[in-house]
There are 2 protein chains.
Amino acid sequence: MATSATARVGSLHPDDWIRAAQARLAGQGVESVRVEVLARDLGVSKGSFYWHFRDRGELLDSLLVRWEDSELDWLNRDDGASAATRWARFLERTASPKRMRMEIALRAWARGDEGVATRVAAIEKRKARLIEDVLRDIGFAETAAESWSEVALLICLGWLDLATRDKQFQFASRSLGDLLSEFILAASGGSSAPNR
Amino acid sequence: MATSATARVGSLHPDDWIRAAQARLAGQGVESVRVEVLARDLGVSKGSFYWHFRDRGELLDSLLVRWEDSELDWLNRDDGASAATRWARFLERTASPKRMRMEIALRAWARGDEGVATRVAAIEKRKARLIEDVLRDIGFAETAAESWSEVALLICLGWLDLATRDKQFQFASRSLGDLLSEFILAASGGSSAPNR
DNA sequence: GGGACTGCATACGGTACCGTATGCATACGC
DNA sequence: GCGTATGCATACGGTACCGTATGCAGTCCC
């Protein structure tokens, strides 16, 4: 990637390419992020692209790094906040239509790229821990919090899949939140922990 | 598609192409089912393909029909069987690694093709109803069975996603079954139904 | 105001597909 | 055993990409 100290007005920044790539990734999957296509989207030729990036792989990597950063950003932001705050933030982030499509695209991508899979899994584990912490904070026992947090994560993943496929599906943030609330309520009253 | 009354020995059947396509679909997604690639897989030229099929679209459609049939087959087979039998069959089918990869590939495909999405959703709804019926059979109230069956389906979908990405993930059929059992136990003891 | 560097445009060769056209050996019907 | 249809091979033109090479107008720097 070119490192220009003096960005001239009217010229493209690598971020422009990354944003365009993110839009395509979220919309139609990795296979659709093609440099010649992005160039058309941005109204320039691909000569521009290869000035900013070494190749398509570098763009995809920058994309992934940017996503990782933005995820870790909000995940770390309110580490000391109340359970309610962290839970609200989590729901807000994972039920946002735009983010949902990105998450789905990343997971599809991960299935064909070991490296991507590892990095997505890391962020995912972080989210599972967030849920686990919240569950503990609201009174779940240690092992129960861990076990049920994993099930909660599965529900979120399933929700992502369904919501990004079914057009009938309503994207109200309340729905996933309600579902999880009901689930957690049931889990708190039922068995202390799934045996695993 | 060509309809040959007399299949000569040593010659390919459309099913051979469909099977090869299924393997690629399950393994690497729709984008990977390419007629020239399949021809190489089968050790013939693509001239053969275009004798059996009109185009790539026809192959993909045949593929989908074949999947629908095989799903409806086992879904309908034991309609009158006991809840335990139907549940066991369901778990056996949805936790099989080979089928899991196919299910995931189909859902990724569905996201880019409205028609596929509709047909996948139909089968999916059928499975949700299977779960719902089982829940009712084991004592859940009407509304509770409906509500919790949807959550159970989300867990299955999340499981599909995770299991097909994470290499650490163990594909023991017991795991999904156990998870769902624990979930159902908790649901039976908790709130009667999520409010929706 | 004359290099030098920047940020792109253009053109090129290469690969991987698609679908069509056509040739051709083999088996089948009779 | 001979025409005919079958099941494929081969060759072709076309599209959509990739990455590289090179040209070139503008801007910066002094």
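Labels below follow one simple rule: chain letters A, B, ... track the order of the sequence lines, proteins then strands, and each chain is numbered from 1.
Salt-bridge formation is not detected for the pair D61(A)/R56(A): no Lys NZ or Arg NE/NH1/NH2 atom is positioned less than 4.0 Å from an Asp or Glu carboxylate oxygen.
Between Y50(A) atom OH and dC12(C) atom P there is a gap of 18 Å when expressed in whole angstrom units. Distance, L38(A) CG to dA16(D) C1': 14 Å, rounded to whole Å. Atom-to-atom, CG of D55(B) to P of dC17(C) comes out at 17 Å; the value is rounded to the nearest Å. In this structure, F49(B) places its CZ atom 19 Å from P of dT6(D), rounding to the nearest Å. When the C1' atom of dA21(D) is taken as reference, atom CZ of R54(A) falls 18 Å away, rounded to whole Å. Summarising the geometry, the separation between CD on E58(A) and C1' on dC18(D) is reported as 15 Å, rounded to the nearest angstrom.
Aromatic ring pairs are classed by plane angle as parallel below 30°, tilted from 30° to 60° and perpendicular above 60°; the pair W17(A) and H52(A) is tilted.
Here the side chain of S188(A) pairs a donor or acceptor atom with the backbone of L185(A) at under 3.5 angstrom. Not a single donor-acceptor pair under 3.5 Å links the side chain of R129(A) to the backbone N or O of K125(A). One N or O on the side chain of N76(A) and one on the backbone of L72(A) form a donor-acceptor pair closer than 3.5 Å. Judged by distance alone, the side chain of T164(B) and the main-chain N or O of L160(B) form a donor-acceptor pair under 3.5 Å.
Scanning residues 20-36 of chain B for heavy-atom distances under 4.0 Å to DNA chain C yields R34(B), V35(B), E36(B).
Between E71(A) and the options R93(A), R66(A), K127(A), a side-chain hydrogen bond (donor to acceptor under 3.5 Å, both in side chains) holds for only K127(A).
Taking side-chain N and O atoms only, R40(A) has a distance below 4.0 Å to OP1 or OP2 of dC17(D).
Side-chain rings of F183(A) and W148(A) approach one another, their centers coming within less than 6.0 Å.
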For nucleotides 8-10 of chain D, which of its nitrogen or oxygen atoms have a protein nitrogen or oxygen under 3.5 Å away, and what is each distance?
residue, atom, partner, partner atom, Å
dC8(D), OP1, L12(B), N, 2.8
dC8(D), OP2, H52(B), NE2, 2.7
dC8(D), O5', S48(B), OG, 3.2
dA9(D), OP2, S45(B), N, 2.2
dA9(D), OP2, S45(B), OG, 2.6

